[in-house]
2 protein chains.
Amino acid sequence: MLPQILIADDHSIVRHGLSIIIRDILPDAELFFATNFDTLLQVLAEGKLTLAICDVNMPGCNNFHMVQIMKQIQPELKIIIYSAYDENLYANRFIKAGADLYLQKEIENQVLIKAIHSVLEQRPFAATAIHEEADNGMVNPISLLSDREFEVSNLLVKGLGTSEICHTLDLGKTTVSTYKRRIYEKMGISTLPELVTIYRNYVNAII
Amino acid sequence: MLPQILIADDHSIVRHGLSIIIRDILPDAELFFATNFDTLLQVLAEGKLTLAICDVNMPGCNNFHMVQIMKQIQPELKIIIYSAYDENLYANRFIKAGADLYLQKEIENQVLIKAIHSVLEQRPFAATAIHEEADNGMVNPISLLSDREFEVSNLLVKGLGTSEICHTLDLGKTTVSTYKRRIYEKMGISTLPELVTIYRNYVNAII
DNA sequence: GCAATTTGTAGAATTAGTTCTACATATATT
DNA sequence: AATATATGTAGAACTAATTCTACAAATTGC
């Protein structure tokens with residue numbers, strides 16, 4: 001069986017780099033590309049994909065819900081989430097949603113290669129990157145948020161207003177306001193600049 | 001003369017992808033790599049680099065000050081800033097700091113290739129729409145504000161809302177809204193988080 | 001010294017956002 | 001299993017904020 005691998009990332013350079021690595025280690029693999037969630041779903045519908053390597057921040061579906069949908073369509077699909085974002089922020093949510101592996105873009109190519117092999121061969125991969133929290137007792141306040149609150153919080157930090165968020169997530173505006181209140185409550189803050197500051201302090205990437 | 005090109009990015013996949021593209025279009029180029037600002041400075045000190053392609057978010061020096069230091073060490077060095085961040089937030093500051101080009105990672109490889117050629121051949125590259133200003137010193141965007149706008153701006157960054165500000169300064173609320181609009185216009189931004197970010201960058205720059 | 005621009009200021013009309021309440025489902029606790 | 005808490009969601013009524021327009025005073029540019 002020759003593996004069919006989908007590379008989903010909106011950065012051309014990342015797609016290019018990944019495809020070269022994969023062609024190198026899996027010459028028989030058939031590669032597909034997607035730059036947004038719609039294309040991804042199309043590719044998924046068409047063929048029997050073996051593995052999908054996905055960026056977190058894909059236009060059309062920036063969140064872990066994407067993973068649930070993909071696994072629903074094709075449960076045996078292997079999914080590697082490949083992201084620039086801080087790990088303890090995202091990894092658990094993606095794994096919970098059904099991803100097989102969460103890797104940070106900072107990892108070396110050798111680690112990536114091992115990870116791809118492991119996932120394809122159904123071996124568990126102990127990603128060096130995952131769970132090396134030098135936890136000095138500091139609780140990351142962002143981890144207190146529920147999935148939906150987290151989504152709203154990310155959009156708030158990006159500068160979206162309540163109504164923009166409610167359109168983006170297809171929710172009522174009072175719903176978004178409720179999330180906003182709960183976010184502020186959980187974090188013990190009352191203003192957007194405070195939220196931005198918390199992100200600065202706890203997140204290593206701009207979301 | 002064979003070009004010596006430094007690729008500075010903390011993402012292995014981006015370094016890899018860039019190096020493949022550059023080897024393709026400039027087979028004679030000698031490539032160097034850096035994953036943090038210290039290594040970058042080391043490489044810069046060692047040889048006569050022609051071009052540096054740098055990620056914004058390099059560990060050790062996340063801001064445009066990096067560019068000033070690099071140009072100070074070697075004024076004829078060409079610098080391309082290659083970033084995932086929103087352009088109107090960062091581009092002008094990087095250009096003012098001495099970068100020759102600011103590109104977003106979303107661009108297609110062909111654009112990147114053209115940009116590299118243009119910069120190496122000292123041709124202006126159209127895609128940026130950013131003109132170099134004669135002004136050597138960096139303009140602090142906050143200094144563009146009038147006195148009243150500055151007062152309002154400071155309160156906004158502190159997290160006060162429009163009505164709180166209009167009580168604090170004893171102004172009508174539409175007046176405060178007008179100031180807010182003018183502040184955003186002058187700074188080329190449209191959201192509070194962007195304003196907060198500008199304040200942080202300004203503070204980082206003068207410290 | 002006169003014209004052009006910037007600055008300080010708001011009213012009226014409109015749009016955005018919050019609060020309070022509520023309820024079903026999911027998850028955790030005992 | 002029973003209970004408690006957390007999560008996802010929103011309607012009705014309200015408050016906050018923006019937009020569009022406007023205009024006088026100060027400042028800048030030629």
Side-chain angles (χ1 to χ4, degrees), chain A residues 61-69 71-72 89-98 139-196, chain B residues 133-135 139-196:
Chain A
C61 194
N62 304 10
N63 58 53
F64 18 80
H65 196 55
M66 166 176 83
V67 173
Q68 292 180 304
I69 295 168
K71 279 278 177 177
Q72 212 173 307
L89 247 182
Y90 279 89
N92 285 325
R93 294 179 203 271
F94 273 104
I95 298 293
K96 213 170 102 187
V139 178
N140 179 346
I142 298 169
S143 70
L144 299 173
L145 305 179
S146 76
D147 284 353
R148 219 50 166 151
E149 286 160 1
F150 183 57
E151 284 186 277
V152 170
S153 176
N154 291 161
L155 296 175
L156 284 170
V157 170
K158 267 166 104 175
L160 300 225
T162 300
S163 50
E164 288 172 301
I165 294 172
C166 88
H167 289 132
T168 303
L169 301 179
D170 197 28
L171 291 169
K173 61 181 181 160
T174 62
T175 310
V176 174
S177 276
T178 301
Y179 289 143
K180 200 172 168 184
R181 180 176 50 75
R182 287 179 185 167
I183 290 163
Y184 283 15
E185 264 171 28
K186 282 183 176 179
M187 294 193 170
I189 61 176
S190 57
T191 69
L192 184 54
E194 287 175 288
L195 186 61
V196 173
Chain B
E133 290 182 29
D135 195 3
V139 176
N140 168 5
I142 299 170
S143 71
L144 299 173
L145 306 179
S146 75
D147 287 351
R148 221 48 166 152
E149 285 161 2
F150 184 56
E151 283 185 276
V152 170
S153 178
N154 291 339
L155 297 175
L156 284 170
V157 170
K158 270 166 102 173
L160 300 227
T162 300
S163 50
E164 288 171 301
I165 294 172
C166 89
H167 289 133
T168 304
L169 301 180
D170 196 27
L171 292 168
K173 62 182 180 161
T174 63
T175 310
V176 174
S177 275
T178 300
Y179 288 142
K180 199 172 167 183
R181 179 175 51 75
R182 287 178 186 167
I183 290 163
Y184 283 14
E185 264 170 28
K186 283 184 176 179
M187 295 193 169
I189 61 176
S190 58
T191 68
L192 185 54
E194 287 174 290
L195 186 62
V196 173

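Residue numbering restarts at 1 for every chain, and letters A, B, ... go by the order of the sequence lines.
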Hey, could you give me each pair passing salt bridge (Lys or Arg N to Asp or Glu O under 4.0 Å) that has a residue in residues 143-157 of chain B? Not counting sequence neighbours.
B/R148-B/E151, B/E149-B/K186

To the nearest Å, give me how far apart NZ (B/K180) and P (C/dT9) are.
18 Å

With a 4.0 Å heavy-atom cut-off, tell me which residues in residues 164-174 of chain B come close to DNA chain C, sorted by residue number.
B/L171, B/G172, B/T174

So, for B/L160 and B/I165, which heavy atoms are closest and what is the spacing to 0.1 Å?
CB-CG1, 3.7 Å

Heavy-atom closest pair (A/P193 atom, B/G159 atom, distance to 0.1 Å) is CG-CA, 3.7 Å

Please list residues of residues 146-163 of chain B whose heavy atoms come under 4.0 Å from any atom in DNA chain D, ordered by number; otherwise none.
B/G161, B/T162, B/S163

Divergence of helical axes at both termini of the helix from C/dG1-D/dC30 to C/dT30-D/dA1 - five pairs an end, 10° steps
70°

Whole Å only: how far is the CZ atom of B/R182 from the C1' atom of C/dG8?
7 Å

With the side chain counted from C-beta on, respond yes when B/V176 and B/L169 share a heavy-atom pair under 4.5 Å apart, and no when they do not.
no

Between A/T178 and B/T178, who's closer to the 5' end of DNA chain D by nearest nucleotide?
A/T178

Of residues 187-194 of chain A, the positions that come close to DNA chain D - non-hydrogen atoms, cut-off under 4.0 Å
none

Can you run down the side-chain hydrogen bond (donor to acceptor under 3.5 Å, both in side chains) pairs that involve residues 153-164 of chain B, sequence neighbours left out, and say none if there aren't any?
B/S153-B/Y199, B/N154-B/Y199

Kindly compute the distance separating SG (B/C166) from NZ (B/K173), expressed to the nearest 0.5 Å.
8.0 Å

Under 3.5 Å, which donor-acceptor pairs link side chains of residues 177-185 of chain A to any protein atom two or more places apart or in another chain?
| residue | atom | partner | partner atom | Å |
| --- | --- | --- | --- | --- |
| A/T178 | OG1 | A/T174 | O | 2.8 |
| A/R181 | NH1 | A/E185 | OE2 | 3.1 |
| A/Y184 | OH | A/L192 | N | 3.2 |

Identify, with sequence neighbours excluded, every residue that meets side chain to side chain donor-acceptor pair (under 3.5 Å) alongside B/T191.
B/E194

From NZ of B/K186 over to P of C/dT6, roughly how many Å is that when rounded to an integer?
8 Å

Leading and trailing nucleotides of DNA chain D with any atom under 4.0 Å from heavy atoms of chain A
D/dT7 to D/dA12

No-H, no-angle donor-acceptor pair, A/R181 side chain to C/dG17 base, under 3.5 Å:
no

Listed partners of A/K71 passing salt bridge (charged side-chain N to carboxylate O under 4.0 Å, His left out), at least two apart
A/D100

